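So the structure is just underneath, and the comments pick up after that.
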Amino acid sequence: MYKIDVVLTPQQICTNIDIDADLAASELVTLTNARILQYAPDKTGICINQTFDSKQRLTIMAVGGGNIDPPSVDAASTYMLQYGRFEAMHQQQLEALGLPRSLWRQLYDKITGETFDIGEWVVFSDDDTVKSLAEHTLSLKSEKLEAESNVFLVDHIWTTTVAQELQDLDNVPGLLERMEKLTGIYEPQRNLPAMPDADLLENTVDANVAAVMSQAGVDEARARELLCKAGGDIIEAIVSASEETAPSTAQNSVQSQIMQQLEEGGQGDGPTEWKTRGYECVQYSLDNSAQLDGVDICVAVGAAVHARDVECNVTATHLTVTVSGKVAVDGDLHAEVEANETTWTVEAGVLSVSLVKRKAEYWPEVLVGEHRTDPITHAKHVRRVARDAWRYLQGYDYLARSTDQTLAKRTFWYVADAVGLAVAHDDVPNVRCLPLLYVDAQGQMTPLSILWPIRDITQGTTLVRDVCPAWLTDPQQRQGYLHAIFSGPTQFVLDAHEQLASMWDQTAKDAVRANIATGPTPKLPVNSLFVRDITPDAKAAVAAAGLVLADAPKDADIVFDDVPCEGRLTNQHSLNAAVYSTENAITAFQRIAGAQSWLSPGFLLKSQICELIGAAIMRNNSWWLLKSDQVVAGVEPQTVLTSNWITAVRHADVGYSAALECTPSMVIGGRLFLVERMVLVTPANGVFVWAAAPRIFQHQIAMDANKPEPYQILPPASEVSEHLFKLQASVQLGSGGATRFDKETEHVIVDAMRLLLGVDSGDGTNFGVFRMRFAIGQGADGAVPVLHEVRPALVAEQLAVSSDFVPSVATVIAGGSDVHWRQIQLPSN
């Protein structure tokens, strides 16, 4: 019996094989797999036939003469099993990318064989005027590359997240340098202080003579002599003087004073700690003798690096450190060290190399020619590079299940290698180049890109792709999207924003506000309710209100459900559709309200790219909250906060649909507070607010000095006490405090609802429960409410407010009064 474990595509299964009745003596092979490889006759004349029995097991017969052994299929069957897993795991991705099925097997072979062979087909442009990596182009060097005839792998030189980008640039060895070459943005270098040469020695002596006189107790002539002998080295000059006049204990005392002076920032050779682009340096005394005989070099290597990944080679005059095969530190030492006494450790993502100096002295540099970085200047430079890097970052996202079995959306951004960067843009592309997340049999994920020809390409032709996403077809918006990648004149985006702003102003002037009911709601007979997934506390409250819970929507007078129910009085008001998502709400308010002082401006990332860029340029102090309307059960949508409009535009690639303006004044003490009010709209257009104190939510904001960090994913909003809110926002709330703010909030609620009802007043048979959240804006007299979000409240959200929420709504709808709700009594004009 031969057991073969293989998995193949359905196209490779033949189920109509006739089995020869004379094969009683043939070997019989039973497989439990549903897919099986069919072998053609080989040189021995042996053929394997197959069929399915009544138990859906696949039986293979080896047909041949005499005692000829069946052919060995171990290698082939293993290959097909592995390919089958690859196809099953990646089918959805490959179909979404549009890769022809004829190239799937070739793609698998190249991924598993790590075959990056595009260099055999293309050549880089030979242009001396090219200034950055992104300015290269690729052209075909082979005679011809037919459409859909080949697929190539393109590596990624950097994969990151919004939260990790700045840390990566600052800590990953060599990354900042590569991104500088890509963006063309370079940091001004500070040369390390070198020992003074002949031309500078006199100035150095003049600068340090007073310190030597004071510390060594010598006259000016002797101080100058000592400094000249020491080449300007202030410590060596003072120690030399002390050796002539004091015993050892006094010498140590003098050195201790000198070291203390250095640590306190007094005069001396220079600091004992500093940072370079690739590492940090610390000079110290090995035995607390105040002699600088030890020096550490610390390199951030990441938590995934272990000691086995590090190789450290040190001689008396040279140091080389490699991490995972890549050079992290390499250079000549400032002076000689005791190579045999070198030690190194890896702990908490930091590699520390400890060197012992052959001569105890101050080193102005550890490696010859190194450049120190000024922390403030360097941090600003990293942010400039990060900002421009978004022109080259491309994104992909996927759902991942964590250890607690919850799903989470993960979004990653990557920069392609030199090949990927060199594929130019064209509205009529001849190749496609898209990201693929490869998952091997062990579940290890490897991001890469795949490139394949979609048209015939002839020798010498430049490879071009369309960098715009497939959904972006409007010519003007494509131009705006490309502006986020290729910088250029900005007048067209400024014109687009001006045109939209003018339209908003006109819409605000022409806005129609509906009358709202100011009297009691008409009486309706309400005896029974249907509430989807009602909680035990709410059940008790319904019973206490004298109402009956129906088992089905059709048996109830009022229905609380998240889906429509025909023929019943439900919470599915016709306005629900207008504000169902952030994208819908922005569209609705742009159409009916225009520019309102209480409305946070928002832009649609798929159809108002130019307008968003123009607004960001005009209001360069604004920040943008990026919202996604992709709904996945059990997955909390993420909100991104950024000050970079390029980042905002690129997030359209990964499902983000809207950008809301967030001014810095809205962030208070590192928190974005949102005041939530529950609003009830009756079938007769009565507007009520939940009478209890508003619920307060907050997003924690990562801050840099007094500004939010430029790129961050906000944690989910958490509820906080009203007391904390009033305490934190007391300055912003100003005179009148929370009372005035609450009153103005109700004014905004009724104005927003009147505008919405002015376009769609409903059919008079349904009611709506809406959740409205307000950020804190800055007005002339203090804080003012700014409408941040409005959408229908889910039944679960209504039940979470209070167990009395549902029966109190029913009471108002039936025409009664309820202490939980307060009707807004404002005139209709």
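When a residue number appears, it is its place in the shown sequence, counting from 1. Quick caveat, the model's predicted, so the values are computed rather than measured.
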Lys/Arg N to Asp/Glu carboxylate O, Glu187 vs Arg277, below 4.0 Å:
yes
Between Ile111 and Leu107, is a side-chain contact (heavy atoms from CB on, under 4.5 Å) present by the stated rule, with each step listed?
CA-CA 6 Å; Ile111 290 177; Leu107 173 63; 3.7 Å; yes
Quick one: closest heavy-atom pair of Ala659 and Leu605, and the distance?
CB-CD2, 4.1 Å
Does any non-hydrogen side-chain atom of Ile454 lie less than 4.5 Å from one of Pro429?
yes
Please report the C-alpha distance between His378 and Leu176 in whole Å, then the side-chain angles of each, then the deciding distance to 0.1 Å, and finally whether the side-chain contact (heavy atoms from CB on, under 4.5 Å) criterion is met.
CA-CA 11 Å; His378 181 69; Leu176 183 57; 3.7 Å; yes
Heavy-atom closest pair (Ala658 atom, Thr582 atom, distance to 0.1 Å) is CB-CG2, 3.8 Å
Regarding Gln477 and Tyr481, do their side chains bring together a donor and an acceptor under 3.5 Å, going by distance alone?
no
Heavy-atom closest pair (Cys433 atom, Val154 atom, distance to 0.1 Å) is SG-CG2, 4.3 Å
Go through the structure and list residues passing ring pair (Phe, Tyr, Trp, His ring centres under 6.0 Å) with Trp504, not counting sequence neighbours.
Phe603
Is the backbone of Asp417 close enough, under 3.5 Å, to the side chain of Asp155 for a donor and an acceptor to pair up by distance?
no
Side-chain (Asn430) to main-chain (Thr462) donor-acceptor, under 3.5 angstrom
yes
Distance-minimising heavy-atom pair for Tyr711 and Asn644
OH-ND2, 3.4 Å
Rounded to the nearest 0.5 Å, how far does CD of Gln92 lie from CG of Leu97?
10.5 Å
Is there a side-chain contact between Phe412 and Pro435 in this structure, where contact means two heavy atoms from C-beta onward sitting under 4.5 Å apart?
no
Starting from the C-alpha separation in whole Å, work towards a yes-or-no answer on side-chain contact (heavy atoms from CB on, under 4.5 Å) for Val162 and Thr642.
CA-CA 9 Å; Val162 166; Thr642 181; over 6 Å; no
Just by distance, do the side chain of Asp456 and the backbone of Ala147 share a donor-acceptor pair under 3.5 Å?
yes
Look at the side chain of Thr115 and the backbone N and O of Asp117, then say whether any donor-acceptor pair between them is shorter than 3.5 Å.
no
Could you list the residues that satisfy side-chain hydrogen bond (donor to acceptor under 3.5 Å, both in side chains) with Thr161, not counting sequence neighbours?
none
Who are the side chain to side chain contact (heavy atoms under 4.5 Å, CB included) partners of Lys707, not counting sequence neighbours?
Trp623
What distance separates Gln476 CD from Glu611 CD, expressed to the nearest 0.5 Å?
6.0 Å
Spacing of Leu660 atom CG and Leu641 atom CG [to the nearest 0.5 Å]
11.0 Å
What residues form a salt bridge (charged side-chain N to carboxylate O under 4.0 Å, His left out) with Glu709, not counting sequence neighbours?
Arg383
Parallel, tilted or perpendicular: which one describes the rings of Tyr396 and Tyr398, with boundaries at 30° and 60°?
parallel
No-hydrogen, no-angle side-chain donor-acceptor test under 3.5 Å, Tyr79 and Asp109
yes
Around Met618, counting heavy atoms of other residues, nucleotides and ligands shown, do more than 12 lie under 6.0 Å from its CE?
no
Student check: side-chain heavy atoms of Arg391 and Ser487 closer than 4.5 Å
yes
State, yes or no, whether a side-chain contact exists between Tyr392 and Thr183 at a heavy-atom distance under 4.5 Å.
yes
Could you give the distance from CG (Leu482) to CZ (Arg478), rounded to the nearest 0.5 Å?
6.5 Å
Any side-chain heavy atom of Arg465 within less than 4.5 Å of one from Leu451?
no
Quick one: does Leu138's side chain get under 4.5 Å of Val123's, heavy atoms only?
no
Contact check, side chains of His381 and Thr377, non-hydrogen atoms, under 4.5 Å
no
Glu583 side chain to Ser657 backbone, donor-acceptor under 3.5 Å:
no
How close do Ile646 and Arg387 get, heavy atom to heavy atom, and via which atoms?
CD1-O, 4.3 Å
Spell out, as yes or no, whether a donor-acceptor pair under 3.5 Å connects the side chain of Thr112 to the backbone of Tyr108.
yes
State whether the side chain of Arg650 and the backbone N or O of Leu393 hold a donor-acceptor pair below 3.5 Å, judged by distance alone.
yes
How many angstroms lie between CG in Asp466 and CZ in Arg432, if you round to the nearest 0.5 Å?
9.5 Å
Please give me the minimum heavy-atom distance between Pro708 and Val667, naming the atom from each residue.
CG-CG2, 4.4 Å
Using distance alone, with no hydrogens and no angle criterion, decide if Asp168 and Trp158 have a side-chain donor and acceptor under 3.5 Å apart.
yes
Which of parallel (below 30°), tilted (30 to 60°) and perpendicular (above 60°) describes His483 and Phe492?
perpendicular
Non-hydrogen side-chain atoms of Thr663 and Arg619 separated by less than 4.5 Å
no
Is a side-chain N or O of Asn171 found less than 3.5 angstrom from the main chain of Gln167, in a donor-acceptor match?
yes
Gln394 CD to Ile485 CD1 distance, which is reported to the nearest 0.5 Å:
7.5 Å
Taking side chain to side chain contact (heavy atoms under 4.5 Å, CB included) as the test, write out the residues that go with Lys409, two or more places apart.
Asp397, Leu399, Thr411, Ser628, Gln630, Val635, Tyr656
Has Asn584 got a side-chain atom pairing as donor or acceptor with Ala577's backbone, closer than 3.5 angstrom?
yes
Would you indicate whether Met503, at its atom CE, is surrounded by more than 12 heavy atoms from other residues, nucleotides or ligands within a distance under 6.0 Å?
yes
Counting only heavy atoms not in Gln91 (residues, nucleotides, ligands), do more than 12 fall under 6.0 Å from its CD?
yes
Which pairs pass side chain to side chain donor-acceptor pair (under 3.5 Å) with one or both residues in residues 437-447, sequence neighbours excluded?
none
Checking side-chain contact (heavy atoms from CB on, under 4.5 Å) for the pair Asn150/Trp121: CA distance, chi angles, key distance, verdict?
CA-CA 11 Å; Asn150 210 328; Trp121 293 79; 3.5 Å; yes
His788 (side chain) donor-acceptor with Ser600 (main chain) under 3.5 angstrom:
no
Hey, would you say the His651 and Trp390 ring centroids sit under 6.0 Å apart?
yes
Closer than 4.0 angstrom, basic N to acidic O: yes or no for Glu95 and Arg101?
yes
